[in-house]
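Since the structure comes first, as structure tokens, the remarks are kept for the end.
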There are 2 protein chains.
Amino acid sequence: MQQPIKLPHDGRPTVVGCAGRGPDAVDGTDLVLRRFARFVSLTASDRRYLTRLVEAAAVHPPRRTVLTEGRPCDCLHLLAGGWAVEYRTLPTGGRQVLRIRLAGEILGAECIAYGAALQSVQMLTKGVVARIPRAEFVALHTTHPQLVTGLHLMGLFERAILQEWTISLGRRPAWSRVAHLLLELDERCRVSGLARISGTPFPLTQQDLADCTGLTLTYVNRVLTDMRRKRMIGLRQQELVILNRDELARASGFQPRYLRPTPPLGPLSGQDAGAAPRPVASVL
Amino acid sequence: MQQPIKLPHDGRPTVVGCAGRGPDAVDGTDLVLRRFARFVSLTASDRRYLTRLVEAAAVHPPRRTVLTEGRPCDCLHLLAGGWAVEYRTLPTGGRQVLRIRLAGEILGAECIAYGAALQSVQMLTKGVVARIPRAEFVALHTTHPQLVTGLHLMGLFERAILQEWTISLGRRPAWSRVAHLLLELDERCRVSGLARISGTPFPLTQQDLADCTGLTLTYVNRVLTDMRRKRMIGLRQQELVILNRDELARASGFQPRYLRPTPPLGPLSGQDAGAAPRPVASVL
DNA sequence: CGACGATTTGACTACAGTCAATGCTTGTGG
DNA sequence: CCACAAGCATTGACTGTAGTCAAATCGTCG
């Protein structure tokens with residue numbers, strides 16, 4: 001029931017070029033632009049840059065490993081389409097997923113500060129990944145300062161999500177952890193425009209969920225079964241439906257505040273410094 | 001055995017002015033400059049700015065709450081001296097510490113993206129906190145771009161630490177969690193120049209440790225007792241000594257890589273963009 | 001000295017893990 | 001078109017790590 005397309009779990013990108021434009025593929029460029037626009041207002045030049053970037057991106061099949069922990073890496077990676085997970089493998093064999101990545105997000109951002117990936121990145125679905133070499137990133141500071149500011153703010157946003165996971169793992173019981181994660185993913189998909197009327201796409205297996213929540217596959221299954229029996233969620237095939245949002249939120253302490261950076265995030269860099277009254281970020 | 005100075009747990013800063021210069025206080029300015037210099041090379045102007053900032057900082061007593069989760073906040077806070085914790089309180093009464101803050105680090109960085117604090121910040125020791133209003137932060141993009149880049153890279157660094165905590169909470173057993181945390185704090189203190197010959201300052205109570213590791217006070221005590229009996233650590237009063245680093249690291253999977261961003265972090269902003277061969281960051 | 005906070009210890013409990021077997025989908029190849 | 005293989009999901013029985021509750025002790029400060 002997991003991956004519709006079965007392909008070898010690793011190797012080089014299969015296609016390079018104008019990517020992610022299959023019949024049912026969401027337009028990667030659009031998702032990327034929208035995400036940046038949530039944090040900063042983009043100039044026409046910024047949009048052009050991002051568009052070209054995505055056009056040169058590579059397509060990866062499901063379960064493909066995009067980055068490997070510890071391996072030197074001098075690039076930023078931009079996920080232009082599809083879902084991915086960032087995770088760390090432990091010597092004991094366990095695996096801790098650190099975040100779920102949606103289209104428009106940066107993969108392995110820490111490469112800029114460490115020159116290497118601190119964790120691995122794996123595609124959950126077929127997806128599109130663009131690369132920004134470090135030198136190009138450095139150049140962006142002068143050529144597209146707004147994009148750099150956007151990356152900075154996106155970093156703060158993602159840290160808030162990671163932080164919420166930390167709280168879950170540290171102080172919430174199993175049922176709440178799962179509920180919290182489901183609500184978070186649902187909310188993020190809605191905000192990103194990935195949700196459909198029928199529900200939210202959900203390409204994670206129960207093992208993936210276990211690796212996110214620090215639980216075991218067995219126990220995640222018991223929790224999900226319980227949630228279904230209580231008519232809290234519908235989760236079948238690759239789609240999630242939240243049936244009783246209020247009760248799930250109450251029981252898990254979910255407060256979507258951290259998923260909503262204050263909308264009017266004005267330009268933070270360049271000439272707007274100082275007195276400007278923080279214009280609302282245009283949503284394209 | 002906790003705090004040498006007993007003071008009310010909240011209220012306004014007691015002193016404002018040239019702060020943190022008590023007989024046994026480490027020079028706050030120096031710590032701040034050294035931390036930034038780990039990530040970017042500072043200009044004389046950058047150093048002057050930071051120096052002035054710290055001179056105008058406020059002194060807080062131990063256990064003072066500096067920031068409160070959910071409360072609107074339009075400032076960056078720079079911890080110029082002392083120790084602090086960032087944490088979240090749960091409806092169930094529990095508390096999850098998200099990070100330990102050492103001198104030179106930013107408190108509540110997410111305020112820039114959210115306009116409010118997502119978690120509380122409390123002093124562990126007496127300490128010095130400077131404030132950078134949002135407008136001033138925006139201005140920094142033009143006046144001191146290197147400092148902004150420094151903040152960006154420090155953000156990536158801190159995310160790596162948070163990530164490591166997440167891994168601990170999700171997939172490491174109690175003993176390893178505690179060991180990993182102790183090694184991390186020891187390492188960070190060494191790198192920051194806070195460690196003494198006799199050992200590392202350690203102002204956390206066992207309850208604090210429990211709130212960091214997602215354990216209970218009782219269990220943390222059992223783990224610490226066990227570590228002492230096995231001659232792995234010495235932990236008394238306010239000082240930690242690692243007696244068997246290798247064994248602790250092996251058992252907890254501690255790899256200090258994430259605490260060591262690649263040293264030659266050249267200027268990332270401004271005119272250096274592109275081909276420059278990444279000069280080594282001068283350590284002042 | 002007395003009080004408060006921090007630490008230590010013990011007895012008992014329970015949430016989640018482990019191990020193992022079975023059932024269900026889905027896609028592929030005969 | 002059907003059967004089989006592979007991966008994923010489900011269920012049960014038992015275990016163990018860490019939590020809970022409670023009391024005693026220690027240390028420091030006032």
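Protein chains get the first letters and strands the later ones, always in sequence-line order, with residue 1 at the start of each. The basis for the numbers below is simple: all heavy atoms, side chains too, and nothing from hydrogens, waters or symmetry mates.
At least one donor-acceptor pair closer than 3.5 Å links the side chain of B:R171 to the backbone N or O of A:L215. A donor-acceptor pair under 3.5 Å is absent between the side-chain atoms of A:T89 and the main chain of A:R95, judged by distance alone.
Ion pairing of A:R190 with A:D186 is present here, as a side-chain N (NZ or NE/NH1/NH2) and a carboxylate O approach within less than 4.0 Å.
No side-chain donor from either of B:Y258 and A:E110 sits under 3.5 Å from a side-chain acceptor of the other. A:T205 and A:D208 share a side-chain donor-acceptor pair at under 3.5 Å.
For the pair A:Q238 CD and C:dG27 P, the interatomic distance rounds to 9 Å; values are reported in whole Å. A straight line from CG of B:D226 to C1' of C:dT9 spans 14 Å, rounded to a whole angstrom. One interatomic measurement links the two molecules: CG of A:L209 to C1' of D:dA9, which rounds to 12 Å at whole-angstrom precision. Atoms CD (A:Q207) and C1' (C:dG17) sit 13 Å apart, rounded to a whole Å. Summarising the geometry, the separation between CZ on B:R172 and C1' on D:dA18 is reported as 18 Å, rounded to the nearest angstrom. Going from atom CZ of B:R236 over to atom P of C:dT7 covers 15 Å, rounded to whole Å. Whole-Å rounding puts the A:R171 CZ to D:dG19 P distance at 8 Å. Atom OH in A:Y219 sits roughly 21 Å away from atom C1' in D:dC8 (whole-Å rounding).
Contact check of residues 84-94 of chain A against DNA chain D (heavy atom, cut-off under 4.0 Å) returns no residues at all.
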Scan nucleotides 10-12 of chain D against the protein and return all N/O pairs shorter than 3.5 Å with their distances rounded to 0.1 Å.
unit_1, atom_1, unit_2, atom_2, d
D:dT10, OP1, A:R228, NH2, 3.2
D:dT10, OP2, A:Q206, NE2, 2.6
D:dT10, OP2, A:N221, ND2, 2.5
D:dT10, OP2, A:R228, NH2, 3.1
D:dT10, O5', A:N221, ND2, 3.2
D:dG12, N7, A:R222, NH1, 3.3

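One end of the helix from C:dC1-D:dG30 to C:dG30-D:dC1 points its axis 30° away from the other end's axis, with each axis taken from 5 pairs and the angle rounded to 10°.
For the pair A:Q255/A:E164, no side-chain contact is recorded, criterion being any heavy-atom separation below 4.5 Å from C-beta on. At least one side-chain heavy atom of A:Q207 sits less than 4.5 Å from a side-chain heavy atom of A:D211. In this structure the side chain of A:L169 reaches within 4.5 angstrom of the side chain of A:Q96, judged on heavy atoms.
Residues meeting the salt bridge (Lys or Arg N to Asp or Glu O under 4.0 Å) test with B:E105, sequence neighbours left out: B:R35, B:R101, B:R188. In this view, A:R250 and A:E247 satisfy the side chain to side chain contact (heavy atoms under 4.5 Å, CB included) rule, not counting sequence neighbours.
Within the structure, ring pair (Phe, Tyr, Trp, His ring centres under 6.0 Å) contacts touching residues 213-257 of chain B (residues at least two apart or in different chains) are B:H180-B:F254.
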